[in-house]
Amino acid sequence: MAEQQTVTFSDKPVGAKQKEKDFEEHERTFALFMSMSKWGTILVAILLIVLYLLLV
């Protein structure tokens, strides 16, 4: 249902080209989110290891 609804700021119908462009932006945003999540997790793991070695 949600994929059939589109929010626009005009009364013009949304074309396939615009939907494709929006999907490309969503893919790029998701890829960035996943990359940041991966590197954030790696950095937290490294930080925990360093703190463990310093405090033991």
Side-chain angles (χ1 to χ4, degrees):
M1 291 292 258
E3 64 272 358
Q4 296 174 354
Q5 298 176 355
T6 326
V7 177
T8 61
F9 296 105
S10 70
D11 294 336
K12 298 177 185 175
V14 178
K17 193 173 193 178
Q18 183 180 0
K19 285 184 182 180
E20 183 178 324
K21 182 70 173 168
D22 285 344
F23 190 73
E24 289 173 5
E25 290 181 27
H26 289 300
E27 285 181 327
R28 203 167 36 247
T29 303
F30 181 72
L32 177 64
F33 172 78
M34 292 304 290
S35 177
M36 296 294 278
S37 296
K38 175 181 73 173
W39 287 109
T41 303
I42 291 169
L43 288 175
V44 168
I46 290 171
L47 178 66
L48 288 173
I49 292 168
V50 169
L51 288 173
Y52 174 77
L53 294 174
L54 289 175
L55 296 175
V56 170

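These numbers were taken from a predicted model, which means no experiment stands behind them. Side chains included, hydrogens not; waters and symmetry mates left out as well; all remaining heavy atoms used.
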Task: side-chain contact (heavy atoms from CB on, under 4.5 Å) partners for L48, two or more places apart - done: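 Only V44 meet the side-chain contact (heavy atoms from CB on, under 4.5 Å) criterion with L48.
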TODO: List for me each residue that meets side-chain contact (heavy atoms from CB on, under 4.5 Å) alongside I42, sequence neighbours excluded, and say none if there are none.
DONE: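 By the side-chain contact (heavy atoms from CB on, under 4.5 Å) rule, I42 matches K38, W39, I46.
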- [ ] Measure from the side-chain N and O atoms of S35 to the backbone N and O of A31, and report whether any donor-acceptor pair falls under 3.5 Å.
- [x]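 Not a single qualifying donor-acceptor pair exists.
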Open item on the list: Within the supplied structure, the quantity of interest is the number of heavy atoms (other residues, nucleotides, ligands) at a distance under 6.0 Å from E20 CD; does it exceed 12?
Closed with: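 Atom CD in E20 is not packed in, count stays at 12 or less.
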Open item on the list: Tell me whether L55 shares a hydrophobic cluster with L53, the cluster being built from Ile, Leu, Val, Met, Phe, Trp, Tyr side chains joined at under 4.5 Å.
Closed with: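 No: no chain of side-chain contacts under 4.5 Å links L55 to L53.
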- [ ] Treat each ILVMFWY residue as a node, draw an edge where side-chain heavy atoms are under 4.5 Å apart, and state whether Y52 and I49 are in one component.
- [x]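 Linked within one cluster.
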Task: Nearest-0.5 Å distance that lies between atom CG in L32 and atom CD in E27 - done: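 Atom-to-atom, L32:CG and E27:CD are 13.5 Å apart.
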